[in-house]
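What follows is a single structure, written as structure tokens, with notes after it.
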Amino acid sequence: MTQSPVIRLTDLTLSPQHHGTRFEAAMAAIAAPLGATHLGARLVVVPPGKAAWPFHSHHANDEMFVILSGTGTLRFGPESHAVAAGMVAVCPAGGAETAHQLTATGDQPLRYLAISTMREPDVMEYPDSGKITVFAGAAPGGDKAARRVAASFRQGDAVDYWSGE
């Protein structure tokens with residue numbers, strides 16, 4: 001018997017994550033457990049005043065956010081946009097001009113679906129901190145055990161390509 005391609009969001013088990021005082025969310029994978037390998041999707045629930053991830057862009061992967069409940073702010077490049085239930089935000093791959101971050105702004109959690117392509121390798125850029133992250137072997141949000149490269153560094157720490165050769 002094959003696995004059903006259908007799941008209820010209410011049947012998902014959320015796993016919490018937090019980093020410092022600014023970043024907190026509970027998440028559950030949707031696409032991978034149902035067999036998708038080139039499409040990423042997860043349910044994300046962010047408490048008021050928090051964001052799930054830092055302001056970032058993907059150089060290889062597009063992302064789309066479907067707001068299910070709550071209110072928030074989408075920081076996108078140099079602009080900010082209010083989001084609420086029933087709205088969809090698309091953040092294409094690119095550099096600082098497409099960097100993005102969702103923050104819960106209301107008195108209720110911001111609940112949304114995060115959907116993305118799953119291309120690897122990917123380079124992620126963090127304009128606020130000047131960091132870059134490189135993933136190869138598995139896309140961001142993919143199987144960490146399959147990663148051959150997972151490295152983060154500040155742009156200012158980069159060396160010349162030929163240095164030491």
Side-chain angles (χ1 to χ4, degrees), residues 12-67 72-81 83 88-105 110 112-165:
L12 295 173
T13 301
L14 295 168
S15 297
Q17 78 168 18
H18 65 279
H19 299 279
T21 59
R22 295 175 33 210
F23 305 106
E24 183 178 342
M27 293 175 249
I30 299 170
L34 296 180
T37 57
H38 300 290
L39 176 69
R42 65 175 73 178
L43 174 63
V44 182
V45 181
V46 180
K50 306 284 184 177
W53 294 279
F55 185 59
H56 69 283
S57 65
H58 295 267
H59 285 256
N61 288 291
D62 297 329
E63 289 188 289
M64 180 171 76
F65 306 101
V66 179
I67 310 302
T73 299
L74 171 68
R75 187 174 162 205
F76 183 77
E79 300 177 354
S80 293
H81 304 271
V83 296
V88 176
V90 175
C91 300
E97 75 283 359
T98 63
H100 52 277
Q101 179 184 49
L102 277 169
T103 302
T105 58
L110 178 62
Y112 59 91
L113 297 178
I115 302 164
S116 69
T117 54
M118 294 296 283
R119 294 185 186 110
E120 65 85 19
D122 194 4
V123 175
M124 294 179 302
E125 189 175 340
Y126 300 85
D128 289 346
S129 63
K131 290 186 298 188
I132 290 180
T133 295
V134 178
F135 286 143
D143 181 4
K144 290 180 182 177
R147 291 212 177 112
R148 295 183 305 276
V149 175
S152 296
F153 55 92
R154 296 200 187 282
Q155 288 176 312
D157 294 336
V159 297
D160 181 82
Y161 174 82
W162 292 106
S163 180
E165 294 300 322

Practice task
Given side-chain contact (heavy atoms from CB on, under 4.5 Å), test W53 with H19 step by step and report yes or no.
Solution key: CA-CA 9 Å; W53 294 279; H19 299 279; over 6 Å; no
Completion exercise
Taking every heavy atom of A31 against every heavy atom of L39, the minimum-distance pair comes out as CB-O, 3.2 Å
Handout entry: Ring geometry between F65 and H100 (parallel below 30°, tilted from 30 to 60°, perpendicular above 60°)
Key = tilted
Fill in the blank from the handout: Heavy-atom closest pair (T73 atom, S80 atom, distance to 0.1 Å) is CG2-CB, 3.8 Å
Fill in the blank from the handout: For V44 and A52 the tightest heavy-atom approach is CG1-CB, 4.2 Å
Fill in the blank from the handout: Between G94 and S57, the two heavy atoms sitting closest are O-OG, 3.4 Å
Problem - Donor-acceptor contact below 3.5 Å, side chain R42 vs main chain A114 - result: no
Exercise for the section: Using atom types as modelled and distance alone, determine if a side-chain donor or acceptor of K50 lies under 3.5 Å from a backbone N or O of T21. Expected result: yes
Handout entry: Shortest non-hydrogen contact between R119 and A139, atoms and distance
Key = O-CB, 3.4 Å
Practice task
To the nearest 0.5 Å, tell me how far T117 OG1 sits from H38 NE2.
Solution key: 11.0 Å
Practice task
Determine whether F153 and I132 make a side-chain contact, defined as any pair of heavy atoms from C-beta on separated by less than 4.5 Å.
Solution key: yes
Problem - Pairwise side-chain contact, I67 with L110, heavy-atom cut-off 4.5 Å (strictly under) - result: yes
Handout entry: F76 side, atom CZ; L102 side, atom CG - distance, nearest 0.5 Å
Key = 11.5 Å
Exercise for the section: Evaluate the side-chain contact (heavy atoms from CB on, under 4.5 Å) criterion for residues V88 and M64: first the C-alpha distance (whole Å), next the side-chain angles of each, then the deciding distance (0.1 Å), finally the verdict. Expected result: CA-CA 7 Å; V88 176; M64 180 171 76; 3.6 Å; yes
Handout entry: side chain to side chain contact (heavy atoms under 4.5 Å, CB included) partners of A32, counting only residues at least two apart
Key = none
Problem - Qualifying side-chain hydrogen bond (donor to acceptor under 3.5 Å, both in side chains) pairs, either residue in residues 122-144, two or more places apart - result: H58-D122, H59-E125, N61-D122, R75-D128, T133-S152
Problem - Exceeds 12 heavy-atom contacts within 6.0 angstrom, atom NE2 of H18 - result: no
Exercise for the section: Compare every heavy atom of H56 with every heavy atom of P127, then report the nearest pair and how far apart it is. Expected result: CD-CA, 4.3 Å
Practice task
Start with the C-alpha distance between V46 and Y112, add both sets of side-chain angles, then the distance that settles side-chain contact (heavy atoms from CB on, under 4.5 Å), and finish with yes or no.
Solution key: CA-CA 9 Å; V46 180; Y112 59 91; 3.9 Å; yes
Handout entry: L12/I30 under side-chain contact (heavy atoms from CB on, under 4.5 Å): CA gap, chis, key distance, verdict
Key = CA-CA 8 Å; L12 295 173; I30 299 170; 3.8 Å; yes
